[in-house]
Amino acid sequence: MILSHSTTGARPLNACHRCGATAYKNVIERDTQGVMRATGRYQCVQCKFTFTDVREWRGSGLPTPSFPIDLIDPMAPVACKLT
């Protein structure tokens with residue numbers, strides 16, 4: 001039997017405090033020269049809540065993980081060793 005978060009009532013630690021989505025994306029806009037650039041803001045993929053700090057997205061009073069998840073760049077290359 002597979003239980004989802006909606007059936008167990010549990011919510012992931014890293015989730016939107018408004019809608020429960022577990023993903024967000026960079027907000028990209030054109031600068032004054034017309035080049036598309038990241039704005040430093042993020043947006044929930046489900047409810048479109050816009051924020052600058054992932055703690056805003058998680059909501060106040062929620063526990064924060066012991067690792068700096070808001071400092072991880074999802075677009076950074078990842079080195080891995082193949083054995």
Side-chain angles (χ1 to χ4, degrees):
M1 174 182 213
I2 298 174
L3 297 176
S4 70
H5 295 294
S6 60
T7 59
T8 63
R11 193 170 129 208
L13 177 65
N14 198 42
C16 178
H17 72 283
R18 292 184 176 191
C19 68
T22 56
Y24 56 90
K25 62 183 180 178
N26 282 311
V27 175
I28 308 293
E29 292 178 352
R30 291 194 187 277
D31 66 10
T32 55
Q33 283 108 20
V35 178
M36 299 297 282
R37 298 196 189 273
T39 62
R41 295 187 324 265
Y42 303 92
Q43 185 180 63
C44 177
V45 297
Q46 188 167 314
C47 71
K48 309 303 183 205
F49 173 66
T50 304
F51 57 95
T52 56
D53 186 320
V54 73
R55 291 172 288 204
E56 294 174 62
W57 179 68
R58 290 183 190 126
S60 61
L62 294 177
T64 53
S66 58
F67 54 94
I69 196 162
D70 50 334
L71 299 179
I72 297 172
D73 181 357
M75 302 306 287
V78 177
C80 60
K81 182 178 178 182
L82 299 175
T83 56

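Owing to the predicted nature of the structure, the values given are computational and were not obtained by experimental measurement. Positions are given from 1, in the same order as the sequence printed here.
We find the CZ-CD distance between Arg37 and Glu29 to be 13.0 Å, quoted to the nearest 0.5 Å. To the nearest 0.5 Å, atom OH of residue Tyr24 and atom CZ of residue Arg58 are 6.5 Å apart. Between atom CZ of residue Arg18 and atom CD of residue Glu56 there is a gap of 10.0 Å, rounded to the nearest 0.5 Å. To the nearest 0.5 Å, atoms OG1 (Thr50) and OH (Tyr42) are separated by 12.5 Å.
When all heavy atoms of Cys16 and Trp57 are compared, the closest pair comes out as CB-NE1, 3.2 Å. Nearest heavy atom pair, residue Cys44 against residue Ala21, reads SG-CB, 3.7 Å.
Put simply, the side chain of Thr39 gets close to the backbone of Val27: a donor and an acceptor are under 3.5 Å apart. Using modelled atom types, no side-chain atom of Asn26 and backbone atom of Ile28 make a donor-acceptor pair closer than 3.5 Å.
Side-chain contact check for Phe49 versus His17: some heavy-atom pair is nearer than 4.5 Å.
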